[in-house]
Asker: 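This is the structure I want to talk about, given as structure tokens.
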Amino acid sequence: MGTTLFSSCSFLAQISSVENGISRVKAVACSTGSDSVDGVMKRRSVLVSGASLISSAVLGFPADGLAVVKQGLLAGRVPGLSEPDEQGWRTYRRPDDKSGGHGVGWSPIIPYLFSVPQEWDEVPVSIADLGGTEIDLRFASPKEGRLFVIVAPVLRFADNLGDDATIEKIGPPEKVINAFGPEVIGENVEGKVLSMDVEELCGRKYYRYELEPPHVLITATAAGNRLYLFSVTGNGLQWKRHYTDLKKIADSFRVV
């Protein structure tokens, strides 16, 4: 059975099909409206440098069209991290002026965002980490798990993608996870992929994977001249107790 995708910016839809035991489709459209859709669309305010902005929230994280979450360098706050919403979740948006770029002459990194429960915090990135200097960000919670974001130049993988790469140009879901999964888990992914989903949000496609072992959720997409890999993981006990939150974090990742 083939993959079916629906795209719109005015409604929320979800369609899935199964092919050889692997889920291949998930199309969810984003909305910038203020009306509720089955109770999951909400309005909430975010404190931004002393001013209040309004953004839509879908399953606890902002819709792409209104995802403007910036934080000033205020004492005790992580730049780019919003105040908690009514469910206790915070949204991180990569600051436009954050350092990083993987080499002289590279264009600025297109910002990304994701949401985490309140107790998650940014942790330092070491060049000795798996993924080296291409790990752009780490967050962790002692109770629930950890995550990191790899932002890698697409020229590492292909020389004909230009400055407007898409994940589809890089390859289908199977090719992407086989090629880039080892960037995340440090070993071959053969026999470890439990599921693969393709999700389209406001014109950008995301490949989403669940692997085991180790327990890890991976989201892959491309924008500009870079590939984005978002990894959410936890140990066995964290996975058992907090899988719902870990999955929600993984599904919240967007490139804006």
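Values below: every heavy atom of this structure, side chains too, minus hydrogens, waters and symmetry copies.
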Asker: Without swapping roles, check the side chain of S82 against the backbone of T91 for a donor-acceptor pair under 3.5 Å.
Answerer: yes
Asker: Any non-hydrogen side-chain atom of D96 less than 4.5 Å from a side-chain atom of P111?
Answerer: yes
Asker: If you define the side chain from C-beta out and look only at heavy atoms, does anything of L211 sit under 4.5 Å from L194?
Answerer: no
Asker: Does any N or O in the side chain of K192 come within less than 3.5 Å of the main-chain N or O of P213, such that one atom is a donor and the other an acceptor?
Answerer: yes
Asker: What pair of heavy atoms forms the shortest contact from W239 to V232, and how long is it?
Answerer: CZ3-O, 4.2 Å
Asker: Are the side chains of S115 and I249 in contact, using a 4.5 Å heavy-atom criterion?
Answerer: no
Asker: Taking C-beta and beyond as the side chain, do V216 and I185 meet within less than 4.5 Å on heavy atoms?
Answerer: yes
Asker: T219 side chain to F253 main-chain N or O, any donor-acceptor pair under 3.5 Å?
Answerer: no
Asker: Using every non-hydrogen atom in the two residues, find where S141 and E119 come nearest and quote the distance to one decimal.
Answerer: OG-CG, 3.7 Å
Asker: Surrounding NZ of K169 (heavy atoms of other residues, nucleotides or ligands, distance under 6.0 Å), is the total greater than 12?
Answerer: yes
Asker: Does any N or O in the side chain of Q238 come within less than 3.5 Å of the main-chain N or O of N235, such that one atom is a donor and the other an acceptor?
Answerer: yes
Asker: Give me the atom names and distance for the closest heavy-atom approach of E144 to W120.
Answerer: OE1-NE1, 3.0 Å
Asker: Where is the tightest heavy-atom contact between A220 and V176, given as atom of each residue plus distance?
Answerer: CB-CG1, 4.1 Å
Asker: Tell me whether D159 contacts the main-chain N or O of L155 through its side chain, where contact means a donor paired with an acceptor under 3.5 Å.
Answerer: no
Asker: With side chains defined as the heavy atoms from C-beta onward, is the minimum distance between T221 and Y207 less than 4.5 Å?
Answerer: no
Asker: Over all heavy atoms of both residues, which pair between A140 and V123 is shortest? Give the atoms and the distance, please.
Answerer: CB-CG1, 4.1 Å
Asker: Can you list the steps and then say if D251 with R254 is a salt bridge (charged side-chain N to carboxylate O under 4.0 Å, His left out)?
Answerer: CA-CA 8 Å; D251 289 347; R254 305 282 186 273; over 6 Å; no
Asker: Quick one: does Y209's side chain have a donor or acceptor within less than 3.5 Å of a partner on P173's backbone?
Answerer: yes
Asker: Is the terminal nitrogen or CZ of K248 (NZ for Lys, CZ for Arg) located under 6.0 angstrom from the six-membered ring centre of W89 and within 45° of that ring's axis?
Answerer: yes
Asker: Output, in order, the C-alpha distance, side-chain angles, deciding distance and verdict of salt bridge (charged side-chain N to carboxylate O under 4.0 Å, His left out) for E210 and K247.
Answerer: CA-CA 9 Å; E210 182 169 342; K247 184 68 165 61; over 6 Å; no
Asker: Whether the side chain of R90 engages the backbone of Q118 through a donor-acceptor N/O pair (distance < 3.5 Å, no angle test) should be reported.
Answerer: yes
Asker: Checking side-chain contact (heavy atoms from CB on, under 4.5 Å) between R94 and each of L137, V256, L113, D136, which is the one that passes?
Answerer: D136
Asker: Could you walk me through whether E199 and K205 pass the salt bridge (charged side-chain N to carboxylate O under 4.0 Å, His left out) check?
Answerer: CA-CA 6 Å; E199 186 177 24; K205 287 186 180 178; over 6 Å; no
Asker: With the side chain counted from C-beta on, respond yes when K143 and P117 share a heavy-atom pair under 4.5 Å apart, and no when they do not.
Answerer: no
Asker: What pair of heavy atoms forms the shortest contact from Y206 to V255, and how long is it?
Answerer: OH-N, 3.0 Å
Asker: Quick one: sort the Y112 and F114 rings into parallel, tilted or perpendicular, breaks at 30° and 60°.
Answerer: parallel
Asker: Is there a side-chain contact between I170 and F180 (heavy atoms, below 4.5 Å)?
Answerer: yes
